[in-house]
Each structure stands twice: as C-alpha cells, then as structure tokens.
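Heads up: the structure comes next, in structure tokens.
Atoms considered below: every heavy atom in the structure, side chains included; atoms not considered: hydrogens, waters and symmetry mates. Sequence lines set the chain letters: A, B, ... in the order given, protein chains first and strands last, and positions in each chain run from 1.
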Amino acid sequence: MSTPQLEKIYTPRQVEDRWYRRWIELGLFHATLTHQGEPFSIVIPPPNVTGSLHVGHALNNTLQDILVRWRRMQGRNSLWMPGTDHAGIATQNVVERRLQEEGTSREALGREAFLKRVWTWKEQSGGTIIAQLKRLGASCDWERERFTMDEGLSEAVREVFVRLHQDGLMYRGERLINWCPRCLTALSDIEVEHEDITGKLYTIRYPLADEPNTCLLVATTRPETMLGDTAVAVHPEDERYRRFIGRRVSLPLTNREIPVVGDSILVDREFGTGAVKITPAHDFNDFEAGMRHHLPRIKMMDVHAAVRLAGTQADGELSTVEGLPVPKARPKIEHILTARGLLEKIENHKMALGKCYRCKTVVEPLLSDQWFVNIKPLAEPAVQAVEDGRVRIIPETWKNNYLGWMRDIKDWCVSRQIWWGHQIPAWYCEACYGKPFLRRASDGAPLIPSDASAIVAKSAPETCPNGHRESLVQDPDVLDTWFSSALWPFSTLGWPRQTPELKMFYPTSTLVTGLDILFFWVARMIMMGLKFMGTVPFRDVYIHALVRDAEGQKMSKSKGNVIDPLHVMDEYGTDALRFTLASMSSPGRDVKLAEERIEGYRNFANKIWNAARFILMHVGGTRITPPPAQRSFPDRWILSRLNATIRTVSQDLAQYRFDRAASALYQFIWHEYCDWYLELIKPTLQAPDSPESATVRGTLVET
RNA sequence: GGGCGGAUAGCUCAAUUGGGAGAGCGCUGCCCUUACAAGGCAGAGGUCACAGGUUCGAUCCCUGUUCCGCCUACCA
C-alpha cells in the first residue's frame with residue numbers, strides 16, 4: 001500500500017488543472033449519439049466573443065455546470081453545448097476603438113478590409129473567454145463549440161430570414177426607430193436603456209397666424225425639435241382651446257405656419273399647458289399623431305443628432321444652430337427664444353432619457369428605412385407555450401414579466417447600420433432604381449429608395465425581375481445580433497439540416513440565464529423555436545440572480561467595484577468561488593458577493609482535502625466493501641446520512657435550489673462526516689486489523 | 001405612471017404548509033489533542049422594518065406606512 005503524500009494545505013491551482021486536463025483527455029464531456037441514457041441538454045448563453053469572464057458569467061456557468069454534471073452522474077446522455085456570440089455592435093465598437101488608436105477608421109479601411117480586421121481580432125481574442133470558462137471548470141462539450149457567424153449558423157440565419165419574408169413576417173418600411181448617433185445604427189426598443197433625470201420643461205409661445213397677439217402656450221422638453229413641428233395639438237373637448245382648432249399658428253424662428261389640430265389621444269388636458277407641439281419625424285407619439293392628421297414629416301436633425309435646417313427658411317440668427325449637436329443646439333435655441341420674448345417659462349421636470357445600451361449615448365427617434373419582423377403572429381404561440389406550461393419559467397414570479405411584455409410586443413427592428421454581423425440577404429437592382437445606390441449620403445443614411453423592392457433570397461440572385469444581371473447589390477445592413485442568438489438552440493445542433501443531434505437533443509432541457517436577457521434572448525428563442533422547429537426550444541428556463549458587490553451595488557468598471565472571478569479563482573480556488581456562488585443563489589434575491597464568504601468556502605475545500613488526506617494516511621488506496629452485516633454502527637449511521645444527503649441534494653437541484661443543495665453538502669461533509677464520523681472511527685484505526693477498520697476503509701473509499 | 005421583489009444576529013443570507021428563530025463569516029473564552037489553527041470545543045448576540053387587523057397564538061396571513069432594489073413605460 002502506497003501512502004500518497006498530500007500537502008497539509010490544499011493548493012487548488014495544480015489540482016484543478018490536472019483534473020481538468022484529465023477529464024478532457026478521457027472525453028468525459030463529450031456527448032455521443034450512441035449513449036443509451038435519456039438525453040439532457042443545455043445550450044450555453046453564448047458570451048460575447050471579445051468578452052472576458054465576469055462574475056455574472058461565473059455564476060451563470062457554475063449553475064449550468066452543476067446541472068450538467070449532476071445529470072451526467074445520473075446516467076443521462078448529457079450535452080452542454082458551448083459557443084460564442086459575434087455581438088455585432090459591441091465587437092465592432094471594440095475594433096473601431098483600436099483603429100482609432102491607430103489613427104484610422106473603418107470608413108478609411110472600407111467594408112471588406114474592416115471585416116477582415118474584425119475576424120483577425122476574433123481569432124486573436126475570441127479564445128479568451130473560452131479558456132476562462134475552462135478555468136471555471138465548465139464541462140462543456142468543446143468538440144461541438146459553435147460561433148454565431150459560423151457558416152452553418154449563418155445558413156440558418158439566411159434560411160429564417162427568407163422564410164419569414166415568404167410568410168409575410170419580415171418587411172422593410174420607413175418607420176420611426178431608435179437611433180444611436182454614436183454607433184450610427186438603428187436599435188430595437190429593448191436596446192434602449194432608460195435613465196431617470198430631472199430635465200427642463202420649456203413653455204414656448206406660438207402666436208396665432210391671423211391674431212399675432214394671441215399665443216398658444218406649448219410645453220416641450222426638447223425645444224430644438226420645434227424646427228420640425230408640423231402642427232400643434234389640443235384636446236378637442238378642451239374649452240380653453242376648442243376655438244383654435246382648424247386655425248394656424250406661425251411657428252416661431254421659422255417662416256412656417258402650422259395647423260392646430262384636435263387630438264384626444266395625444267393630448268392630456270391636465271399636463272403642461274394642454275397644448276402639444278407635433279414633431280412627427282422625431283417623436284414616437286407625434287409620429288402616430290402625424291399619421292392620424294396626415295401631417296408632413298420634417299427631419300430637423302441628421303444621423304449624428306446634429307441640427308439640420310433643411311425644410312426651414314432660417315433667419316440669420318437661427319442659422320448659427322445649423323450643424324450643432326442637440327446638447328449644444330438646445331441652449332442656443334433657448335437663448336434665441338428668450339431674446340425674442342417667446343419663452344414663457346422653464347420648469348424642472350422629471351423624465352426618462354433613452355440611452356444606447358452599448359455606448360450610453362442619448363438615443364434619438366429617427367425616421368428611417370429598416371427591416372422589421374412582424375412579431376405578433378410569432379408572439380402569440382410563445383405566450384401560449386408559457387401559459388400552458390410547455391415552457392416553465394423558474395422562479396415563476398418572472399412569468400408575468402414575460403407574459404406582460406409579450407402581449408404588448410412591438411415589431412422588432414432587425415436591421416443595423418453596421419458591418420460586423422450577418423448581412424441581410426436582400427438584393428436591389430441599381431438599374432431599376434438608379435445610382436448612386438447603396439452609398440451613404442452625407443448624413444449617413446443608406447440611399448435605398450423607399451420604394452425599391454428587395455429580392456430576398458438565401459444567395460445572390462442571378463438577375464432582377466426585369467432581367468438586369470450586373471446591377472444587383474446586396475443590402476448593406478446587417479442583422480441585430482440577437483437575431484442569430486434567437487436560433488441558437490437549434491442552429492447549433494445543425495439546423496436547417498435534420499441532423500441526428502437535432503433529433504436527440506432538441507428541445508433542450510433547461511436554459512440557465514439572467515433576467516437581463518429575458519426579452520433580448522429567451523423570448524425570441526421561444527418564438528423562433530416554435531416557428532421553425534414546431535416545439536419549444538427548452539422545457540425549463542431558470543432565471544438566476546444578478547451578482548452585486550458586497551454593498552449591493554451593481555458592479556461596473558466605472559464604479560471600480562468589480563470582483564474579477566479570475567482573481568478570486570487564483571486567490572481562493574475555483575471551487576471556493578463556485579461553491580460561494582451556488583450557495584448564495586437563492587431565488588428572488590440578488591447575490592451580494594462578499595470576499596469573506598468566499599474565504600469561508602475556501603476553508604471548506606481545505607476541509608475536504610484534509611479529510612481525504614486523513615483517510616489516505618490510514619488506508620491508502622485500498623478499497624474494501626464489507627457486507628452490511630459487518631458494518632459498524634458509525635458506518636451504518638454515516639451511510640444513512642450520506643443517502644439522505646444525496647436524496648436532499650437531488651431534490652434541491654431538481655427544483656433549482658442550488659443554495660439548499662450547497663448547504664446540505666456543507667452540513668453533511670463538515671458537521672457529520674468530519675466532525676462526528678471521522679472522530680468516531682479514529683480509535684478503530686489504531687487497530688488496523690480489526691473488522692471495524694476494514695469496514696471503515698471500504699466505506700470511506702467508496703464514498 | 002404601472003408591475004414585481006426585498007427589509008430576520010455586527011456582516012451576507014436561510015427558515016414549503018401560523019405554535020419553540022438558524023447557518024456561514026465576524027466576535028468572546030479555552031485548546032498548536034499528528035487530517036485540517038483555512039482547525040477543535042464552549043459561548044455571547046435578534047422587540048424577525050414600522051403601525052394596525054385576523055387568530056387561543058403571527059417572522060409567517062390581511063391592510064396601510066417608510067426605506068431599498070429591479071423590470072416596464074418616450075405625459076409633451
């Protein structure tokens with residue numbers, strides 16, 4: 001019998017690396033098609049390919065790993081499908097920043113060279129997050145790793161786009177969309193973050209055209225947009241203003257006269273002055289109102305959110321505003337209005353400011369031609385699937401959140417004016433619609449004529465319907481990153497081909513994710529899964545907590561309160577981090593990660609290490625399983641406790657109570673096995689030949 | 001504006017059916033007893049946010065209040 005020499009103190013790093021290598025060598029994470037067990041599958045929420053492991057990833061992947069390893073131990077054919085996301089805007093921004101440091105830009109490089117550059121960047125840094133997941137111990141089936149821009153997944157994207165188009169669920173149209181003036185692209189509604197601020201409410205005098213001494217008082221938080229006003233609305237039943245409806249006011253600072261209309265939807269009599277300016281090209285409500293009253297749309301800013309006076313005959317003073325970005329234009333307009341006695345008052349006003357979720361720039365509503373998914377027909381079945389329990393959302397409290405959003409869902413703007421991503425599979429004929437075609441105008445807007453009809457196809461068509469061959473150009477825009485993510489549960493398994501993997505592992509068993517991407521990702525996967533696979537993409541959605549710092553603050557680089565999981569793993573070991581995250585992951589509560597807690601579980605790992613060390617010192621690698629009749633009282637006791645613990649842990653994990661499972665393990669190992677059992681058997685270990693001793697050995701090594 | 005969650009020991013959090021309030025960390029005291037001082041044993045510490053109500057009895061159920069957090073919402 002050899003007596004292995006174990007260090008007195010557990011040093012995680014070497015042990016972790018050694019075991020991880022061994023697991024990989026033995027192919028333990030690889031799911032095969034020949035495995036007889038009942039399939040169990042999870043697709044990873046693909047991290048951004050340029051990303052680095054943060055503590056949210058650590059939690060998310062720890063929980064998935066626990067589930068997968070547990071099911072694997074139960075004999076299930078378990079697949080954890082890994083991969084990364086191309087993360088369109090985020091990645092493009094990263095590479096663009098690099099270019100800027102080099103004194104160049106994507107425009108200077110041109111599309112092709114730029115994309116080459118992004119791919120290079122992806123090859124260089126794309127492996128980082130994967131390596132970090134391995135460091136975390138993630139038991140993914142790495143042989144199956146996918147990337148959202150792999151050829152197979154891109155094919156799935158084109159297939160879906162074309163089929164949605166065929167079914168009338170994908171359309172192009174001029175709508176008001178959220179526009180990021182820094183990223184220079186459209187954003188979907190949920191890509192806009194709202195921040196509460198105290199802004200200003202300006203009340204401006206709009207004189208009646210035929211009665212200049214009488215003014216309508218109009219309230220606005222964005223006075224500069226008055227340059228794009230095409231009407232003023234009052235409530236049709238408002239006694240104060242009824243007599244003005246149908247007459248005209250002369251729009252200050254411009255030479256235009258605009259009508260006064262009655263609109264009971266737009267106007268809240270109680271708010272402000274009861275009179276609202278209508279700027280159809282720069283406000284969502286006004287856009288709708290503009291449609292109701294057939295008002296013209298005047299764009300008073302360009303894609304950089306800089307003021308344009310086109311459509312307005314500006315006087316000398318106003319022309320100084322031309323070209324100024326909104327934050328600079330606003331005070332100038334305020335100044336001019338004040339100087340001319342047109343500003344009635346300014347009040348403080350609480351409001352929500354929309355910001356780009358990628359770069360935090362203030363988002364502007366902009367009139368633009370974009371591609372949209374007609375989402376209602378897809379949302380309805382996805383609502384049903386959750387209502388009737390085909391998809392279970394855990395904890396259930398988020399179910400209403402999901403249903404509420406889905407029932408009130410707006411069409412999904414899927415086109416992005418960036419280069420990194422899946423280029424939209426639509427072609428236009430320059431011969432039919434004139435040149436220059438797809439070049440960008442000085443304001444950056446694509447020059448696809450609104451009436452140009454697109455030829456949507458999986459690959460470039462030979463000719464346009466009129467027979468032109470050489471004049472076809474592809475839509476320059478790319479798809480929202482979340483478009484390809486929505487297909488992830490089946491595209492990674494080989495769809496649109498009917499692969500054996502798809503048959504075996506779809507629908508997947510569980511999705512583990514954070515609340516922040518419930519709408520971005522989860523909802524869209526359910527919609528797309530139902531549409532293209534006919535079944536839900538997963539049975540359970542487990543929504544875990546958000547990890548905060550010890551003070552409960554959201555971790556952010558700017559606050560400097562970020563806990564780096566890599567640092568924690570170096571300092572305390574991977575198991576300490578994982579056990580901490582699991583044990584604090586109780587439902588309905590955010591995880592406040594405090595370093596002392598991690599230290600406590602580092603000690604736990606050390607405790608286990610030393611228990612093993614103790615056993616090995618006495619019995620080495622001997623493995624003896626005595627028949628039940630020969631088992632001592634302590635043996636029978638600890639075995640019964642062991643079985644009870646296994647039962648508890650299994651029940652807890654089946655209910656996604658990672659916290660309880662962790663505490664059951666902690667309790668058993670430390671306070672029952674170590675504190676009592678090991679102490680109880682110490683005397684018998686003094687007499688190595690006694691039957692009790694043999695029993696002890698067998699039991700210990702077995703467990 | 002609407003919706004949801006939280007408030008329990010100094011700190012971080014448990015407590016699935018209303019009936020004696022728990023863990024880890026920290027703290028106090030004693031132990032370097034050869035598995036582990038990243039340990040062992042013993043112990044202190046809580047009007048379970050506040051105010052009402054239901055009940056024989058409430059941390060738990062109901063109502064209201066305060067504070068914190070989140071989601072959602074473009075009342076200009």
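Whole-Å rounding puts the Ile393(A) CD1 to C4(B) P distance at 16 Å. Per the geometry, CG belonging to Leu515(A) stands 12 Å off C1' belonging to G69(B), to the nearest Å. Look at CZ on Arg269(A): it is 19 Å from P on A76(B), rounded to the nearest Å. Protein atom CD1 of Ile517(A) is 15 Å distant from nucleotide atom C1' of C71(B), rounded to whole Å. The CG atom of Asp229(A) sits 11 Å away from the C1' atom of A76(B) (whole-angstrom rounding). In this structure, the CG atom of Asn400(A) is 9 Å from the C1' atom of C4(B), given to the nearest Å. Residue Tyr402(A) contributes atom OH, which lies 21 Å from atom C1' of G5(B) at whole-angstrom precision. When the C1' atom of A15(B) is taken as reference, atom CG of Asp659(A) falls 11 Å away, rounded to whole Å.
In this structure, the side chains of Val249(A) and Val260(A) come closer than 4.5 Å at one or more pairs of heavy atoms.
Across all strands shown, Asp268(A) has heavy atoms under 4.0 Å from base atoms, whether or not it also approaches the sugar-phosphate. When heavy atoms are screened at a 4.0 angstrom cut-off, Gly274(A) is found touching base atoms of the nucleic acid. Looking at heavy-atom distances under 4.0 Å, Asp196(A) makes contact with a base. Among the protein residues, Ile278(A) comes within range of no part of the nucleic acid, since none of its heavy atoms lies under 4.0 Å from any strand. When heavy atoms are screened at a 4.0 angstrom cut-off, Thr220(A) is found touching the sugar-phosphate backbone but no base atom. Within 4.0 Å (heavy atoms only), Phe519(A) reaches sugar-phosphate atoms of the nucleic acid but no base atom. Among the heavy atoms of the strands lying under 4.0 Å from Val267(A) is at least one base atom, whether or not backbone atoms are also near.
The two residues Tyr402(A) and Val383(A) make their nearest non-hydrogen contact at OH-N, 4.2 Å.
Using a 4.0 Å cut-off between charged side-chain N and carboxylate O, Glu193(A) and Lys355(A) make no salt bridge.
Taking the C1' atoms as reference points, G19(B) lies 31 Å from C25(B), given to the whole Å. Between the P atoms of C50(B) and C67(B), the separation comes to 16 Å (whole Å). As rounded to the nearest Å, A7(B) and U65(B) have C1' atoms that lie 14 Å from one another. When the P atom is compared between G20(B) and U59(B), the two are found 9 Å apart, to the nearest whole Å. Taking atom C1' in both C60(B) and G6(B), the straight-line distance is 15 Å, to the nearest Å. Straight-line distance between the C1' atoms of G69(B) and C62(B): roughly 25 Å, to the nearest whole Å. When the P atom is used for both C48(B) and G22(B), the distance is 14 Å, rounded to whole Å. With C1' as the reference atom, U47(B) and C32(B) are 43 Å apart, rounded to whole Å.
Both tests pass for Lys682(A) against the ring of Phe614(A): distance under 6.0 Å to the centre and angle within 45° of the axis.
For Asp652(A), there are no salt bridge (charged side-chain N to carboxylate O under 4.0 Å, His left out) partners at least two apart in sequence or on another chain. Taking the salt bridge (charged side-chain N to carboxylate O under 4.0 Å, His left out) definition, one finds that Arg247(A) meets it with Asp210(A), Glu211(A), sequence neighbours left out. For Glu364(A), the salt bridge (charged side-chain N to carboxylate O under 4.0 Å, His left out) partners are Arg222(A), not counting sequence neighbours.
Enclosure of atom NZ in Lys200(A) is not indicated, since only 12 or fewer non-hydrogen atoms of other residues, nucleotides or ligands lie within 6.0 angstrom.
Comparing Asn401(A) and Val276(A) against RNA chain B, the residue whose closest nucleotide sits nearer the 5' end is Asn401(A).
With a cut-off of 3.5 Å on both pairing distances, the Watson-Crick and G-U wobble pairs of RNA chain B assemble into stems of 3 or more at B:1-7 with B:66-72, B:10-13 with B:22-25, B:27-31 with B:39-43, B:49-53 with B:61-65.
Near RNA chain B, meaning a heavy atom under 4.0 Å from it, residues 351-358 of chain A has Ala352(A) in order of number.
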- line: Once base and sugar-phosphate atoms are separated, protein heavy atoms under 4.0 Å mark nucleotides 21-43 of chain B, 5' to 3', with B, S and - as ---SS---------BBSBSS---
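For the OP1/OP2 pair of U72(B) and a distance below 4.0 Å, the side-chain nitrogens and oxygens of Arg407(A) include no atom meeting the criterion.
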query: Which is it for Lys410(A) and Ser188(A) under the side chain to side chain donor-acceptor pair (under 3.5 Å) test, yes or no, and what are the steps along the way?
result: CA-CA 10 Å; Lys410(A) 306 275 182 352; Ser188(A) 68; over 6 Å; no
